[in-house]
Chemist: 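Structure provided below as structure tokens; questions to follow.
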Amino acid sequence: MHHSSLPLGARAFFVLALAACGDPGDAGSLPLDHGRAPDAGVGGDAGSDGMRRVLPLGDSITLGVPHTYRYALARALSERGQEVDFVGSVQGSDGIYPDGWDQDHEGHSGWSVGDIDAELEGWLRGYTADVALVHLGTNDVAAVREGEISLAESEASMRGIVAKLRAQNPRVAIVLAQILPYGGEFASFNATVDDWNRRLVVLASALTTADSPVSVVDMNTGFGEGDLDEDGIHPSAAGAARMAGVWADALR
């Protein structure tokens, strides 16, 4: 299986867990005309135990290299009394977090949208998702810059992901995140990030249904260097917490 390749420096950051992160500063802004995201809201039926099963789906940013939004999201939902069951075939992260929180997820370091699409059907045999939180495309952007794939191919794979989630649960609610910006030496990638994020809005509008809403959340506008780790790719601790806030608002 091919997992999107990156320029040498970027590839190393995606594959290896980082031991340290930069100090979070004031979040900068990378303005982006996102268009109007579908106002479908987040539905998704609860499981038989009354808990909504939430699938965190993505790459190393979901996994946690070294930080993941999942920890802060679990705490935020617990503090407001909203019980959810995180699901996925993977547990834990590459970062250091305490025990005692639900660490199931489907975050795969270095994987593209197409990589996830190719494996998702098999993973879904092990669990059911009522809501899918999808942050994917960061590796695709790097691969597009190298001329390896096109965003049209990534978009087709995202359609495949939506179809597979619905095949397993026709009433699944799907939330697509407009992805984090790149920073530092990779800031030039952001024109491609912006293109991908605009495509997600159009895609969600085309695919949303009453039974299975597809909505978009903005993980880009207002996120800047202070929200990114020193590699310019993964979120800092502050950025991961900020991502959690966006997801928590979507799950209200």
Side-chain angles (χ1 to χ4, degrees), residues 4 30-45 52-59 61-62 87-88 106-108 111-124 128-145 148-181 189-223 243 246-247 249-252:
S4 302
L30 295 175
L32 173 63
D33 178 12
H34 291 278
R36 182 174 177 80
D39 189 20
V42 175
D45 296 329
R52 187 176 290 180
R53 296 158 297 196
V54 176
L55 171 64
L57 181 63
D59 49 38
I61 292 172
T62 296
V87 295
E106 208 65 81
H108 298 268
W111 286 38
S112 68
V113 182
D115 293 332
I116 297 292
D117 182 36
E119 297 295 330
L120 183 58
E121 185 176 9
W123 296 331
L124 288 172
T128 297
D130 301 311
V131 180
L133 306 180
V134 184
H135 187 286
L136 274 170
T138 301
N139 292 302
D140 297 71
V141 166
V144 168
R145 301 285 296 195
E148 295 182 349
I149 62 171
S150 69
L151 287 183
E153 292 175 278
S154 300
E155 186 177 336
S157 295
M158 188 66 83
R159 287 178 176 271
I161 287 172
V162 171
K164 290 174 177 64
L165 288 166
R166 285 174 168 170
Q168 201 258 5
N169 179 4
R171 295 184 59 82
V172 64
I174 301 165
V175 189
L176 305 179
Q178 294 177 306
I179 64 173
L180 294 174
F189 288 16
N190 284 322
T192 309
V193 170
D194 293 353
D195 188 0
W196 175 244
N197 284 341
R198 282 187 288 264
R199 286 171 180 262
L200 290 177
V201 173
V202 176
L203 185 65
S205 293
L207 295 181
T208 193
T209 68
D211 286 339
S212 176
V214 182
S215 55
V216 171
V217 295
D218 188 348
M219 295 285 185
N220 188 285
T221 302
F223 284 80
M243 290 181 72
V246 176
W247 288 128
D249 286 344
L251 287 170
R252 232 172 239 291

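In what follows, residues are counted from 1 in the order of the sequence shown.
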Chemist: Which pair of heavy atoms, one from A250 and one from V217, lies closest together, and at what distance?
Modeler: CB-CG1, 3.8 Å
Chemist: Starting at CG of D115, measure out to CG of L120 and round the result to the nearest 0.5 Å.
Modeler: 12.5 Å
Chemist: Just wondering, are more than 12 heavy atoms of other shown residues or ligands nearer than 6.0 Å to CD in E121?
Modeler: no
Chemist: To the closest 0.5 Å, what do you measure between CG (D59) and CG (N139)?
Modeler: 5.0 Å
Chemist: When rounded to the nearest 0.5 angstrom, what distance separates CD in Q178 from NE2 in H135?
Modeler: 10.0 Å
Chemist: Check whether any side-chain heavy atom of I179 sits under 4.5 Å from a side-chain heavy atom of L136, and report yes or no.
Modeler: no
Chemist: Quick one: side-chain hydrogen bond (donor to acceptor under 3.5 Å, both in side chains) partners of S157, sequence neighbours excluded?
Modeler: none
Chemist: Nearest 0.5 angstrom please: L251 CG to L133 CG, how far?
Modeler: 5.5 Å
Chemist: Do D211 side-chain atoms and R171 backbone N/O form a donor-acceptor pair below 3.5 Å?
Modeler: no
Chemist: With a 4.5 Å heavy-atom cut-off, do I116 and V134 have their side chains touching?
Modeler: no
Chemist: Using the rule given for side-chain contact (heavy atoms from CB on, under 4.5 Å), can you reason through V162 versus L203, listing the C-alpha separation, both sets of side-chain angles and the distance that settles it, and then say yes or no?
Modeler: CA-CA 10 Å; V162 171; L203 185 65; 5.7 Å; no
Chemist: Who pairs with T62 by side-chain hydrogen bond (donor to acceptor under 3.5 Å, both in side chains), at least two apart in sequence or on another chain?
Modeler: none
Chemist: Which atom pair, heavy atoms only, marks the closest approach of N169 to A129?
Modeler: ND2-O, 2.9 Å
Chemist: Is it the case that the side chain of S212 and the backbone of V172 share a donor-acceptor pair, with hydrogens and angles ignored and the cut-off at 3.5 Å?
Modeler: yes
Chemist: I want to check something: taking the side chain as every heavy atom from C-beta on, are V246 and D218 in contact at a cut-off of under 4.5 Å?
Modeler: no
Chemist: Excluding sequence neighbours, so at least two apart, what forms side-chain hydrogen bond (donor to acceptor under 3.5 Å, both in side chains) with Q168?
Modeler: T128
Chemist: Taking it one step at a time, do L124 and E106 satisfy side-chain contact (heavy atoms from CB on, under 4.5 Å)?
Modeler: CA-CA 10 Å; L124 288 172; E106 208 65 81; over 6 Å; no
Chemist: Counting only N and O atoms by type, is there a donor-acceptor contact under 3.5 Å from the side chain of S205 to the main-chain atoms of V201?
Modeler: yes
Chemist: Tell me, with the steps shown, if V193 and N190 meet side-chain contact (heavy atoms from CB on, under 4.5 Å).
Modeler: CA-CA 5 Å; V193 170; N190 284 322; 3.7 Å; yes
Chemist: Please list, chain by chain and in numerical order, all residues satisfying side-chain contact (heavy atoms from CB on, under 4.5 Å) with A152, sequence neighbours excluded.
Modeler: S150, R199
Chemist: Tell me, please, which residues at least two apart from H108 pass ring pair (Phe, Tyr, Trp, His ring centres under 6.0 Å).
Modeler: W111, W123
Chemist: Less than 4.5 Å apart, any side-chain heavy atom of L180 and any of T138?
Modeler: no
Chemist: If you measure from OG on S215 to CG on L176, what distance do you get to the nearest 0.5 Å?
Modeler: 7.5 Å
Chemist: Taking all non-hydrogen atoms of both residues into account, name the closest pair between A204 and V216 and its distance.
Modeler: CB-CG2, 3.5 Å
Chemist: Excluding sequence neighbours, so at least two apart, what forms side-chain contact (heavy atoms from CB on, under 4.5 Å) with T192?
Modeler: V141, V144, R145, L151
Chemist: Please examine the side chains of I61 and M243, heavy atoms only from C-beta on, and report whether any two atoms are closer than 4.5 Å.
Modeler: yes
Chemist: What are the two closest non-hydrogen atoms of P181 and F223, and how far apart are they?
Modeler: CG-O, 3.5 Å
Chemist: Would you compute the distance between atom CE of M158 and atom CG of D140 and round it to the nearest 0.5 angstrom?
Modeler: 8.0 Å
